[in-house]
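Step one of this worksheet: look at the structure below.
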Amino acid sequence: MPWIVLLFAAGSLAIPAPSIMLVPPHPSSKEDPIHISCMAPRGFPGANFTLYQDGEVVELLKAPKDQLRVIFNLSGGSREVRGGPFCCQYSVLGENRQPQLSNLSEPVHVSFPVPTWILALSLSLAGAALLLAGLVIIALIIRKDMSFDNSLFTIMKMTSEEDAANLDAPSGSTETPGPRKRPTSTSSSPEPPEFSTFRAC
């Protein structure tokens with residue numbers, strides 16, 4: 001609802017939006033103050049600035065007559081510091097002394113560094129998770145190797161039993177029976193035939 005009122009108030013008399021940014025010193029925790037700069041474009045010095053958070057007014061500041069910007073200082077630990085993004089807007093007197101309202105600036109977000117102990121705890125948990133994953137992988141590899149060794153042992157045992165059974169069986173000739181070949185003489189010349197002489201009576 002506040003955004004609708006602001007946009008309707010700007011209407012056709014809207015002027016360029018200001019720029020917004022965080023300025024040092026930047027907060028290191030939610031207890032530290034926040035410094036937000038809001039600056040109008042050239043030609044709009046001495047403007048009235050309004051800082052918003054989630055559509056609600058946080059603070060009002062007027063710039064010096066020769067200055068284009070203001071710096072909002074928010075105390076640490078306040079509701080505004082713990083809330084959402086900030087944006088700002090400015091207004092000036094235009095022709096016929098009529099107020100002109102600018103468009104809203106881009107939002108700026110406030111972030112706080114993660115405490116050291118939380119970072120250390122996160123790293124420790126991450127390291128423990130990696131270690132556990134490594135142990136699980138090693139256990140799976142060992143289990144796989146053991147299964148392979150058991151399978152290999154079983155195969156070798158079965159092969160040994162088959163070999164022993166073959167040795168105990170009666171051995172037979174594996175030669176295929178067939179017609180025997182007549183021996184051949186190694187002599188190069190045939191033996192002379194024997195002749196017998198019979199005497200006539």
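Computation of the quantities below employed the complete heavy-atom set of this structure, encompassing side-chain atoms and omitting hydrogens, waters and symmetry-equivalent molecules.
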Task: Smallest separation among heavy atoms of Ser102 and Pro16, with atom names - done: CB-O, 3.4 Å
Task: Asn73 side chain near Pro33 side chain, heavy-atom distance below 4.5 Å - done: no
TODO: List the atom of Arg69, the atom of Pro64, and the distance in Å for their closest heavy-atom pair.
DONE: O-CD, 4.5 Å
TODO: Following the transitive rule for hydrophobic clusters with a side-chain heavy-atom cut-off under 4.5 Å over Ile, Leu, Val, Met, Phe, Trp and Tyr, establish whether Leu104 and Met39 coincide in one cluster.
DONE: no
Open item on the list: Please report the interatomic distance CD1(Ile15) to CG(Asn103), rounded to the nearest 0.5 Å.
Closed with: 8.5 Å
Open item on the list: Which heavy atom of Leu61 sits nearest to which heavy atom of Ile71, and what is that distance?
Closed with: CD1-O, 3.4 Å
Open item on the list: Could you work out, with ring-ring contact (aromatic ring centres under 6.0 Å, His included) as the rule, every residue matching Phe44, not counting sequence neighbours?
Closed with: Tyr90
- [ ] State, to 0.1 Å, how close Val57 and Thr50 come at their nearest heavy-atom pair, and which atoms those are.
- [x] CG1-CG2, 3.9 Å
Task: Beyond-backbone contact of Val58 with Phe72, side-chain heavy atoms, under 4.5 angstrom - done: no
Open item on the list: Can you confirm whether Ser91 sits close enough to Asn48 that some side-chain heavy atom of one is under 4.5 Å from a side-chain heavy atom of the other?
Closed with: yes
Open item on the list: Within the 4.5 Å heavy-atom criterion, are Val110 and Leu74 side-chain neighbours or not?
Closed with: no
TODO: Enter the distance from Gln89:CD to Leu60:CG here, rounded to the nearest 0.5 Å.
DONE: 11.0 Å
Task: Closest non-hydrogen atom pair, Ser105 against Pro18 - done: CB-O, 3.3 Å
Open item on the list: Quick check: do Val70 and Leu51 have side-chain heavy atoms less than 4.5 Å from each other?
Closed with: no
Task: Nearest heavy-atom neighbours spanning Gly46 and Lys62 - done: O-NZ, 3.0 Å
Task: Same cluster (ILVMFWY, side-chain, under 4.5 Å), Leu68 and Leu22 - done: no
Open item on the list: Distance check, rounded to the nearest 0.5 Å: Cys87 atom SG versus Asp54 atom CG?
Closed with: 9.0 Å
Open item on the list: If I take atom SG from residue Cys38 and atom CZ from residue Phe86, how far apart are they, to the nearest 0.5 angstrom?
Closed with: 12.5 Å
- [ ] With rounding to the nearest 0.5 Å, note down the distance linking CG in Leu135 to CG in Leu140.
- [x] 11.0 Å
- [ ] Look up atom CD1 in Ile137 and atom CG in Leu132, then write down how far apart they are to the nearest 0.5 Å.
- [x] 10.0 Å
